[in-house]
Amino acid sequence: MNCAPLLSRRGPTAGTPMTPVADPSRYLTGRHLHELRNAFLFAEKQGWPLNTWIAVNFRGSHGWVQGDRGAGQVRRARNRFIKAIRDWCQRNSIPHAFVYVVENPPQGGRGPHMHILQHLPQDNWLALRDSLYLQLRSTGAWADHEFGFSKQQALQGGERERPAKWRPLFMHAEPLGNHVPWDWQREALKRLRYMAKGANPQEVVLVNGERLTLGQLGERYLGFHTKRTLDDNGIVRETVVLRPGVNLAPQGDPRIKKRVGSSRELGQAARREFGWNEVHDLRWLCRMLYISVRANDMVEALRKHNARLKQQELESARLNHAGPENAQIAFGCASVVRNEVLLFLDIAA
């Protein structure tokens with residue numbers, strides 16, 4: 001991704017990145033990004049966390065004409081699935097809370113499709129998830145052969161593997177943040193960033209008084225990721241690697257004006273009636289915020305963490321000579337230390 005910005009030549013912003021002309025046929029605009037973020041935050045404020053990840057392909061769905069490049073059938077497919085979700089939520093007395101983005105990537109062959117972040121109550125999430133899946137599948141009315149088996153499923157079921165080049169409908173098997181409930185927002189924010197990957201890398205943001213493009217921000221401030229491996233002795237080793245937040249690139253022209261949206265309960269009118277203060281900060285697109293002290297704190301915490309783990313492992317090796325019970329206690333202490341530091345990293349990121 002080329003993130004070298006065009007610089008303004010005159011005026012008070014001379015020498016800083018020039019604000020690009022909005023091109024909704026190629027990129028998500030700043031307005032689109034603000035809508036995604038504010039609807040996401042408003043859902044959390046209302047107690048409706050967007051904890052369900054859905055991807056719906058339009059190709060092959062009911063009424064889809066292959067080769068028709070008109071905007072009409074894309075719009076009809078989008079509206080049909082949105083209405084299906086709204087009707088299903090009403091029947092199940094569930095708040096109609098979700099955000100979506102429509103994409104049509106020039107490469108990959110998937111054609112027009114839609115990503116959705118949806119709220120489902122946590123208490124009965126699995127049953128509701130299965131019910132919504134059936135609702136969307138019946139709405140799409142795809143042919144059965146479109147749902148191919150994976151190799152593992154084919155072996156387990158004793159059936160012949162069928163190629164699955166793409167999945168017409170996908171829903172995540174568990175709620176976001178299910179394994180780490182305190183970290184739901186980070187897991188959901190990963191999906192929101194993925195939905196925003198069609199943003200213009202030349203989009204200008206003001207960060208601590210400095211004008212930067214989203215591409216520059218993503219390259220300059222990287223995020224920490226903990227990679228866990230199991231060595232030959234059965235000990236979990238943790239290494240920290242760096243990765244950028246989002247790789248911004250055009251996601252094609254879906255040929256419709258409204259390629260990003262939210263449900264009525266999360267839309268601008270609902271937020272205005274509530275008295276919501278709109279957030280216009282695009283730093284959420286980057287995994288690491290523009291606060292270098294956080295990165296320094298994390299590096300220092302990791303240094304101390306690794307030193308403590310090494311000490312615990314030495315203590316564990318020493319106690320191995322005294323009996324397996326003491327060794328198990330020492331390993332438990334090391335696990336507690338590891339979890340404490342991981343929790344700190346989750347909060348800091």
| said: Do Arg259 and Leu28 have side chains that approach each other closer than 4.5 Å (heavy atoms only, starting at C-beta)? | reply: yes
| Sequence neighbours excluded, which residues qualify as ring-ring contact (aromatic ring centres under 6.0 Å, His included) partners of Phe42? | Phe274, Trp276
| task | Could you pull out all residues at least two apart from Arg137 that satisfy salt bridge (charged side-chain N to carboxylate O under 4.0 Å, His left out)? | result | Asp144
| field | Asp87: partners by side-chain contact (heavy atoms from CB on, under 4.5 Å), with sequence neighbours left out | value | Lys83, Gln90, Arg91
| remark: With sequence neighbours left out, the residues meeting salt bridge (charged side-chain N to carboxylate O under 4.0 Å, His left out) with Arg80 are none
| field | Residues in side-chain contact (heavy atoms from CB on, under 4.5 Å) contact with Ala71, at least two apart in sequence or another chain | value | Arg75, Arg255, Ile256
| field | Residues in side-chain contact (heavy atoms from CB on, under 4.5 Å) contact with Phe81, at least two apart in sequence or another chain | value | Val56, Phe58, Ser61, Met114, Leu136, Thr139, Trp142
| request: Sequence neighbours left out, what pairs pass salt bridge (charged side-chain N to carboxylate O under 4.0 Å, His left out) with at least one residue falling in residues 120-134? | output: none
| Taking only residues two or more places apart in sequence or in another chain, which ones pass side-chain hydrogen bond (donor to acceptor under 3.5 Å, both in side chains) with His34? | none
| query | So does Glu278 pair up with Arg272, basic N to acidic O under 4.0 Å? | reply | no
| note | salt bridge (charged side-chain N to carboxylate O under 4.0 Å, His left out) filter on Glu35, not counting sequence neighbours, yields Arg271
| field | Student check: side-chain heavy atoms of Ile82 and Phe98 closer than 4.5 Å | value | yes
| request: Taking side-chain contact (heavy atoms from CB on, under 4.5 Å) as the test, write out the residues that go with Ala143, two or more places apart. | output: His145, Glu146
| said: Show me the pairs that pass salt bridge (charged side-chain N to carboxylate O under 4.0 Å, His left out) and involve residues 46-57, at least two apart or across chains. | reply: none
| said: Between Leu117 and Trp53, is there a side-chain heavy-atom distance shorter than 4.5 Å? | reply: yes
| field | salt bridge (charged side-chain N to carboxylate O under 4.0 Å, His left out) pairs, two or more places apart, involving residues 42-54 | value | none
